[in-house]
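Below: one structure, written as structure tokens.
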Amino acid sequence: MPSDNTSQLSVSSNLGIALSIRSYTRQLSQHHHNHHQLVLPLHGNIELDIANDKQTIGPKCCAIIYQGELHSFAADECARFLVADLTDLPSKYLPQYQHYVSISDAFYAFIQYVEKQLAQPEFDAVSDTLTPLFWSLLATQTSTHAIDKRLAPVLETMATQLANPLTLSDLAKQAHLSLSQFKAVFHQQLGTSPQQYLTNLRMEKAKALLSYTDLPISLVAEQVGYQNASAFSRRFKQVYGQSPKAFTQR
DNA sequence: TTTCTTAAGGAGAGACAGGG
DNA sequence: CCCTGTCTCTCCTTAAGAAA
């Protein structure tokens with residue numbers, strides 16, 4: 001019912017797959033579809049409730065909404081995500097009914113590529129190749145696994161409280177794990193350290209804020225948890241190869 | 001086997017100054 | 001207003017070994 005959403009760019013195919021890049025300016029109340037739907041955040045976070053299974057997810061995670069399941073969601077103002085509507089799902093996803101999984105770096109890189117391609121005026125030339133490739137990558141994902149229940153609240157905290165100082169010991173407490181166990185479980189599940197994951201989230205959000213808002217650099221730094229704009233600027237350049245200002249002037 | 005502790009090294013963040 | 005260099009300090013990562 002929805003919908004104050006901006007479904008900006010999309011491509012569909014005779015494979016029964018429709019891909020679109022979307023952002024939402026307010027929450028969508030409960031609804032369902034006659035097809036399966038995957039939601040893959042590109043920037044920012046999205047808070048989902050799928051059949052009473054609630055979680056906030058960010059980049060490198062995927063929400064799976066099975067056909068007919070009631071769901072609702074709300075997203076950050078600057079959040080953008082790839083939505084895939086599918087009449088069918090690879091068989092590996094069907095028996096499990098897991099709503100939230102992590103995805104591989106390669107798959108995440110691909111959805112970033114899709115975002116860029118859909119933004120090109122000449123994207124028709126490559127659109128025929130996007131959906132079969134999406135399906136193939138989805139079907140051959142080997143690193144896809146359900147997110148450990150103990151990490152779910154931690155990931156939510158990281159996703160929703162980026163602007164606040166977050167220490168590993170506090171996050172470990174939230175997961176009911178010792179610090180060392182927390183770091184081990186986190187690395188096993190996400191393939192990266194908690195600190196690196198947090199930095200990535202901060203940089204992704206900063207990139208989104210710089211792309212879709214007119215906020216000054218100092219405010220962007222503040223909103224992604226940096227009290228010092230110079231530290232933010234340095235980190236941003238290290239990650240993306242250009243300063244925040246240069247990024248906004250592309 | 002799993003979990004925890006410890007210590008060394010390194011990465012990242014803050015503060016400040018200077019320049020464009 | 002923003003970026004960069006430098007210094008300092010905190011705290012995170014990693015690895016090894018101990019304990020449960």
Side-chain angles (χ1 to χ4, degrees), chain A residues 41-45 55-61 76-80 96 98 100-109 112 116 142-250:
Chain A
L42 284 154
H43 319 290
N45 309 300
Q55 204 162 120
T56 299
I57 62 169
K60 293 200 182 174
C61 291
D76 292 351
E77 221 170 279
C78 62
R80 278 166 72 84
Q96 293 162 344
Q98 293 170 348
Y100 306 99
V101 298
S102 60
I103 62 170
S104 67
D105 287 346
F107 195 26
Y108 179 61
Q112 290 181 307
K116 284 199 165 33
T142 53
S143 67
T144 301
H145 51 76
I147 296 166
D148 190 303
K149 292 282 182 195
R150 293 169 296 182
L151 293 186
V154 174
L155 294 179
E156 178 162 350
T157 298
M158 286 177 155
T160 59
Q161 296 181 38
L162 274 185
N164 301 328
L166 299 170
T167 64
L168 285 203
S169 53
D170 286 344
L171 295 172
K173 276 179 198 161
Q174 196 176 11
H176 303 292
L177 290 167
S178 73
L179 194 54
S180 56
Q181 270 307 99
F182 170 66
K183 285 180 279 198
V185 170
F186 196 98
H187 199 278
Q188 183 189 10
Q189 290 279 309
L190 281 302
T192 184
S193 67
Q195 185 66 34
Q196 192 58 50
Y197 181 86
L198 196 53
T199 301
N200 288 343
L201 278 185
R202 289 189 157 128
M203 291 301 113
E204 287 293 341
K205 183 171 182 182
K207 195 163 79 168
L209 288 170
L210 292 168
S211 297
Y212 308 115
T213 72
D214 293 326
L215 289 177
I217 310 293
S218 54
L219 265 183
V220 171
E222 207 173 286
Q223 292 206 8
V224 298
Y226 284 82
Q227 292 164 33
N228 185 302
S230 68
F232 163 71
S233 179
R234 210 180 349 251
R235 174 70 43 226
F236 190 92
K237 186 167 185 180
Q238 188 185 58
V239 173
Y240 296 115
Q242 55 187 340
S243 68
K245 189 70 178 175
F247 180 82
T248 62
Q249 294 170 341
R250 287 173 313 160

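Within every chain, numbering begins at 1; the chains are lettered A, B, ... in the order of the sequence lines, protein sequences first and strands thereafter.
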Of all the choices, [options], which nucleotide is nearest to the side chain of [X] once you look at every atom?
X         : options                  : answer
Ser230(A) : dC2(C), dA13(B), dA15(B) : dA15(B)
Ser233(A) : dT13(C), dT4(C), dG14(B) : dT4(C)
Lys245(A) : dC2(C), dA13(B), dT13(C) : dC2(C)

Rounding to a whole Å, what distance do you find between [X]:[atom1] and [N]:[atom2]?
X         : N       : atom1 : atom2 : answer
Leu210(A) : dC3(C)  : CG    : C1'   : 14 Å
Glu222(A) : dA13(B) : CD    : C1'   : 15 Å
Leu215(A) : dC1(C)  : CG    : C1'   : 15 Å

Heavy-atom check, side chain of Met158(A) versus side chain of Pro194(A), under 4.5 Å: yes
Val220(A) side chain near Phe236(A) side chain, heavy-atom distance below 4.5 Å: no
Short side-chain N/O contact to dA13(B) OP1/OP2 from Tyr226(A), under 4.0 Å: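 Yes, such a contact exists.
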Closest-nucleotide ordering on DNA chain C, the 5'-leading residue of Arg234(A) and Ile217(A):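 Per heavy-atom nearest nucleotide, the more 5' residue is Ile217(A).
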Closest contact, heavy atoms only, Ala206(A) versus Val224(A):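 That closest heavy-atom pairing would be N-CG1, 3.7 Å.
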Donor-acceptor pair under 3.5 Å, Asn228(A) side chain vs dA15(B) base: yes
Gap between atom OH of Tyr226(A) and atom CD1 of Ile217(A) - 0.5 Å precision: 14.0 Å
